[in-house]
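As C-alpha cells, the structure follows; a few thoughts come after it.
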Amino acid sequence: MASLSLYAPLDGWACALDEVPDAVFAERMLGDGVAIDPTGDTLVAPCDAQVVTVQPTGHAITLRTAEGAELLIHIGLDTVGLKGEGFETLVAAGDAVTRGQPLIRFDLDRIVRDARAAVTPIVVTNGDRFTIAHRATGTIVARGDAVMTLTAHDAQAQRAAGDGPSATRTIVVPLPHGIHARPAARIAEVARGFDAVVTLAKDGEPVGATSPIGLLSLIVAHNDRVTIAATGAQADAAVEAVAELILHGIKEDAAPTPARPAPPAPRDVPEGAIAGVTAAPGLAIGPAFRWQVTDLTVAASGNGVAAEEAAFETARTGLIAELTGRAATEPAGARAILEAHAAILDDPKLIANTLMAITRGSSAAHAWREAIRPQADALRAGGDPRLAERADDMLDLERQLIARLVGAEEEAVTLPDGAILLADDLLPSQFMALDLDRVAGLAIEHGGPTSHVSILAAARGVPTLVALGSALRAVSEGTTVVLDAGTGWLHPAPSPELLADAQARVAAAATRRADALARAGEECRTADGARIELFANCGSAADAEFAVRNGAEGCGLLRTELLFLDRDTAPDVAEQTADYQAVVDALDGRPLIVRLLDIGGDKPAPYLPIEGEENPALGLRGVRVVLAHPHILEDQLRAILAVRPRGRCRIMVPMIAGGDELLKVRAVLDRLTGGARDVELGVMVETPAAAIGADLLAAEADFLSIGTNDLTQYTLAMDRGNAAVAGALDGLHPAVLRLIGETVRGGALRHRWTGVCGSLASDPLAVPILLGLGVTELSVAPAAVPEIKALVRDLDLTAARDHARAALACPDAAAVRRLAREFAR
Ligand code: PEP
Ligand code: MG
C-alpha cells in the first residue's frame with residue numbers, strides 16, 4: 001500500500017483531536033487527524049495538493065492531494081464569527097500548491113482574544129479511503145516536520161481516480177451461489193486493475209469493488225440485480241470488465257445435487273439417533289472423538305504502534321504466501337478456497353480497520369479480531385444461508401493470523417483409528433490439516449452442506465453430517481457411534497442390533513466395491529440377460545481414459561462446453577476436431593456421443609457473451625444459442641464430422657423444446673454431409689415439451705437421451721441453482737418418472753432407443769426404476785461405472801418393471817425413495 005506524508009502546516013504544539021474543545025472535531029465527526037495549537041501566523045501547505053475550497057472568511061481551507069486524500073484545516077474554533085477579520089487568504093480554489101507554500105496568514109493575537117480557541121484541527125475527511133498510519137501528537141512541531149502518514153486503502157485511492165468520466169451498468173447476477181467469497185475475490189482482483197474507482201451496489205449504499213469483504217457484506221444471491229459504477233479514466237472499461245466477469249467469467253458448479261438437502265423424515269431416523277443434514281454421503285462406525293476449538297487468548301493492548309503494525313504486516317503477508325503456496329499443490333476445490341482466503345487477507349477494508357485499531361493502542365492480534373469478527377457476524381445475520389456458511393472462512397482467517405501473531409502452534413491432536421469427529425464447527429484449515437487416514441466420518445453441530453468444509457469433505461469422500469444441533473454435545477467421547485451420512489443421522493449409543501446391521505452394511509459396501517471393480521470390464525447385462533449399454537459422462541479425454549479403466553462401454557455425454565470454458569475466443573474447427581479426436585482415441589473403439597455446445601442459463605462461456613436475462617433458465621440456452629449463432633453450430637458440426645473413423649462420434653442436441661429446432665440442426669448437418677446420414681443425430685430430452693412430444697422428435701432423431709437434471713428443474717419449476725428450493729429438487733419425483741416413461745414410449749413408437757445421461761442414472765436407487773421404465777442406456781459419472789454395472793448385473797428386469805409401475809403411483813419423491821430403499825434390500 002502506498003503511503004502519503006503530511007507535514008506540519010503550522011509551528012506549535014501538536015496534539016490529539018481528543019484535546020480539541022469542540023465535539024465536532026474531538027468526536028471525529030468530520031474525520032480523523034491531529035490538531036496544532038499554533039505559535040506562528042502562517043498556515044502552509046502540508047503537502048503538494050490542489051485547493052478545493054477556501055472559506056470566504058479565510059478561517060478554513062480544504063485540499064485534495066494527487067493520491068485523492070481530502071484534508072480540512074480549520075484555523076481556531078468558532079473563528080467563523082470573526083467574519084474574515086484577521087485572515088488573509090493567499091490562494092484560491094483550484095490553485096495547485098506545493099508543500100510548504102503559504103496558504104493563509106492570520107492574526108494569532110486576535111484569534112486568541114476573540115475566538116474560542118486557536119487550536120487548529122487538520123482532518124482527513126475521506127477516511128474511508130485512507131488510514132492514518134502514524135501521527136505526531138504531544139510534541140512541539142515546526143512547519144515542515146512530519147506530522148501524519150496516511151495509507152491508501154486501495155490502489156484506486158493511490159491513483160486519485162475519483163474524478164473523471166463515469167459509467168454504470170446494472171446486471172442480474174447469474175452465479176448460482178451469488179457473490180460469495182471466491183467470486184468476491186475475483187471481482188476485487190479485476191477491479192484493482194483499472195484506473196477508476198469501482199463500486200457495486202445492491203439496494204442501498206455502494207461498496208468498493210476492490211474489497212472482497214465489502215462485496216460479501218452486500219449479500220448478493222443468485223439472480224439479484226446489482227449496479228456496477230466506476231469513476232475515473234478507465235471507468236467504461238472497468239464497468240464492462242467487472243460485468244463480464246460476473247456474467248460470464250466465473251465458473252461455478254451448479255450441480256443438481258440438492259444444495260440444501262432437507263433432514264431425513266423422522267420415520268427414517270432410528271430411535272435415539274440425532275438427525276442431521278447430509279454434506280457427504282456414506283456410512284461409518286467408529287469411536288466418537290470430540291474436536292474442540294477454543295479462541296486463542298490475545299492481549300488487548302500492544303507494544304507500540306510501529307511494532308504492532310510491523311507484526312501485523314509480517315503475519316499477514318506470511319500467511320498469504322503460505323496459502324498461495326499450498327493452493328498451487330491442491331486439487332481444484334481446495335485451491336479455490338485457499339485462493340479466496342488469501343484474497344480476503346488482502347482486503348483493504350479489513351487492513352484499514354485493523355491499522356486504525358492499532359493506532360488506537362490495540363495489539364495487532366486484538367485489532368485483527370476486532371476487524372474480522374464483525375464480518376463473520378454480519379454474514380451470519382444477513383439471512384442468506386449460503387453466505388452465512390462463509391462466516392467460517394472469516395473465523396478461520398481470524399484464527400490463523402492470530403496464531404501467527406501470538407506464536408501459537410495448533411496442538412497436534414492424536415486421533416484414534418477410524419474416528420468419528422464431533423465438532424461444533426470445523427474450519428477449512430483444520431479440515432485440511434486432519435490426518436484423513438484416521439477419520440471415518442465427521443459430525444458437525446453447526447454448518448451447512450455448502451460450507452467450505454462440506455465441499456472439501458465431499459471431495460475427499462469423508463462421510464459428513466452437518467447441522468446436528470446441540471444434541472451432539474451429549475455424545476460421550478470414546479463411545480462407538482454409527483454415522484449414516486446417506487440417510488442423515490448419527491446414533492450415539494447404537495443397540496447391538498443396530499450396530500450389527502451397520503457393520504454388515506459397511507462390510508457389504510466394501511465387498512461390493514471390490515467385487516464391482518474386479519468385474520467392471522464385463523459387458524453390462526441384467527440378471528435376466530437384457531443388454532444395457534453402460535456409458536460415462538465426460539468432459540475431457542482424461543475423463544474418458546478414467547471411464548474406460550472403470551469399465552465404461554462408451555461416452556454417453558461429452559459436455560463440449562467444458563472443453564472450452566477457459567477461453568476468450570471461440571475454438572476453431574481444427575482445435576475442436578483435435579479435442580474430439582483425443583476423446584475418441586481415449587475410448588479406444590467405443591462410441592462417443594458429442595453434445596452440441598450447451599451454454600447459457602447457468603453455463604457461461606466468456607467468448608460468447610449473452611446479455612443478462614430476467615430468467616436465464618428460461619432464456620437463451622442450449623440449442624437456442626447455437627441456432628442464434630449459426631457459425632458456431634456449423635464449426636462444431638464440421639469438427640465432429642472430421643473425426644475418424646467417421647460415424648464413431650454421434651451428435652446430440654441439448655435443450656430441445658420442439659421438432660423445428662431439431663430440423664434446423666438436421667438441415668445444416670445434411671448440407672455438410674451431402675445428405676449421407678452416416679452420423680447419428682439424437683436429442684436430449686430436458687424439457688417437459690420434449691418428453692411429451694418424444695414420438696414426434698423420434699421421427700427425426702436417431703436416439704433420445706434424457707437429461708434428468710434439467711428435466712427435473714423444468715418439470716418441478718424449481719431452479720437447480722436456487723438453494724431455497726434445491727432440497728425438493730429430486731428426479732425421483734413421480735411426475736419426472738412419468739415423463740421418462742412417456743419419452744421411452746414415444747421413442748419406442750419410432751423404434752428409437754432411450755437413454756438417461758442426467759445424474760439420476762448414477763443414483764443406485766433410481767437405476768432399477770429407470771430400467772423398469774424401459775431405458776436401455778445409462779451414462780453415468782465415470783467413478784460410478786463399476787457400482788452401477790454391478791447393480792444392473794443383479795437386477796431382474798421383470799421385477800424392475802413392477803417396481804417402476806409402483807413408483808409411478810407414489811404421491812411424491814420421498815415416497816418413491818422409500819419404495820426404492822425397500823426394493824434395494
Ligand atoms: C442434464 O440436464 O441432465 C444434463 C445431463 O445436462 P447438464 O447437467 O449438463 O445440463
Ligand atoms: Mg442439461
Side-chain angles (χ1 to χ4, degrees), residues 174 176 251-259 534-540 543 547 552 554-565 583 592-605 610 616-626 636 650-657 661-662 682-691 694 697 703-722 726 729-733 735-737 739-740 743-744 754-763 766-767 770 773 775 777-782 784-785 788:
K251 272 184 275 168
E252 291 262 74
D253 184 8
T257 21
L534 197 67
F535 289 178
N537 295 345
C538 302
S540 64
D543 281 357
C555 168
L557 165 63
L558 177 68
R559 289 185 159 103
T560 54
E561 62 281 356
L562 295 182
L563 289 170
F564 308 113
L565 264 184
V583 180
L592 165 64
I593 299 180
V594 179
R595 173 169 76 184
L596 296 184
L597 199 61
D598 184 21
I599 58 171
D602 54 10
K603 298 174 186 167
I610 296 168
L618 303 181
L620 211 53
R621 51 167 309 194
V623 68
R624 301 169 198 174
V625 175
V626 292
Q636 190 167 25
R650 304 171 192 166
I651 298 165
M652 180 158 79
V653 192
M655 279 296 297
I656 287 276
E661 293 161 331
L662 179 61
V683 293
M684 277 187 91
V685 175
E686 298 181 281
T687 63
L697 291 174
F703 60 89
L704 307 169
S705 180
I706 305 174
T708 50
N709 307 338
D710 277 314
L711 184 61
T712 306
Q713 123 164 302
Y714 293 120
T715 304
L716 304 183
M718 289 180 186
D719 181 348
R720 67 196 259 189
N722 184 337
L729 194 75
D730 190 337
L732 280 184
H733 191 292
V736 180
L737 297 180
L739 286 175
I740 294 173
T743 307
V744 173
T754 297
V756 172
C757 62
S759 50
L760 213 54
S762 303
D763 181 345
V767 168
L770 297 177
L773 289 172
V775 165
E777 180 250 23
L778 298 171
S779 192
V780 308
V785 171
I788 300 294

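All values below were derived from every heavy atom in this structure, side-chain atoms included, with hydrogens, water molecules and symmetry-related copies excluded. Atoms within a ligand are numbered from 1 in the order they appear, just like the ligands themselves.
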For Met684, the ligand 1 atoms whose distance to one of its heavy atoms is below 4.0 Å: 4 (C), 5 (C), 6 (O)

For the Mg ion (ligand 2): the N/O/S atom of Glu686 at shortest distance: OE2

Contact atoms of ligand 1, heavy-atom distance to Leu557 under 4.0 Å: 5 (C)

Closest non-hydrogen atom pair between Pro688 and Tyr714, with its separation: CD-CB, 3.7 Å

Side chain, backbone, both or neither: Met655 near ligand 1, heavy atoms under 4.0 Å: neither

Which of the ligand 1 atoms, numbered from 1, are nearer than 4.0 Å to a heavy atom of Arg595: 4 (C), 6 (O), 7 (P), 9 (O)

Of Gln636, Met684, Met652, Glu561, the residue whose pairing with Leu596 passes side-chain contact (heavy atoms from CB on, under 4.5 Å): Gln636

Pick from Arg559, Arg621, Glu561: the one approaching atom 5 (C) of ligand 1 most closely through a non-hydrogen atom: Arg559

Note, Leu620 side chain near Val625 side chain (heavy atom, < 4.5 Å): yes

Proximal ligand 1 atoms for Asp710, defined as those under 4.0 Å from one of its heavy atoms: 1 (C), 2 (O), 3 (O), 10 (O)

Heteroatom N/O/S of Asp598 within less than 2.8 Å of the Mg ion (ligand 2): no

Heavy-atom pair of closest approach, residues Val785 and Phe535: CG2-O, 4.5 Å

Contact summary for Glu777 and Gly556, nearest pair of heavy atoms: OE2-CA, 3.8 Å

Numbered atoms of ligand 1 (with element) below 4.0 Å of Gly758, judged on heavy atoms: 3 (O), 5 (C)

Leu760 and its side-chain contact (heavy atoms from CB on, under 4.5 Å) partner, picked from Thr712, Asn709, Leu732: Leu732

Arg559/Asp543 ion pair, N-O < 4.0 Å: no

Contact check, Gln713 vs ligand 1, heavy-atom distance below 4.0 Å: no

N, O or S atom within Asp710 nearest to the Mg ion (ligand 2), by name: OD2

Nitrogen or oxygen of Asn709 less than 3.5 angstrom from that of ligand 1: yes

Name of the residue among Thr743, Asp710, Val756, Thr754 meeting side-chain contact (heavy atoms from CB on, under 4.5 Å) with Val685: Thr743

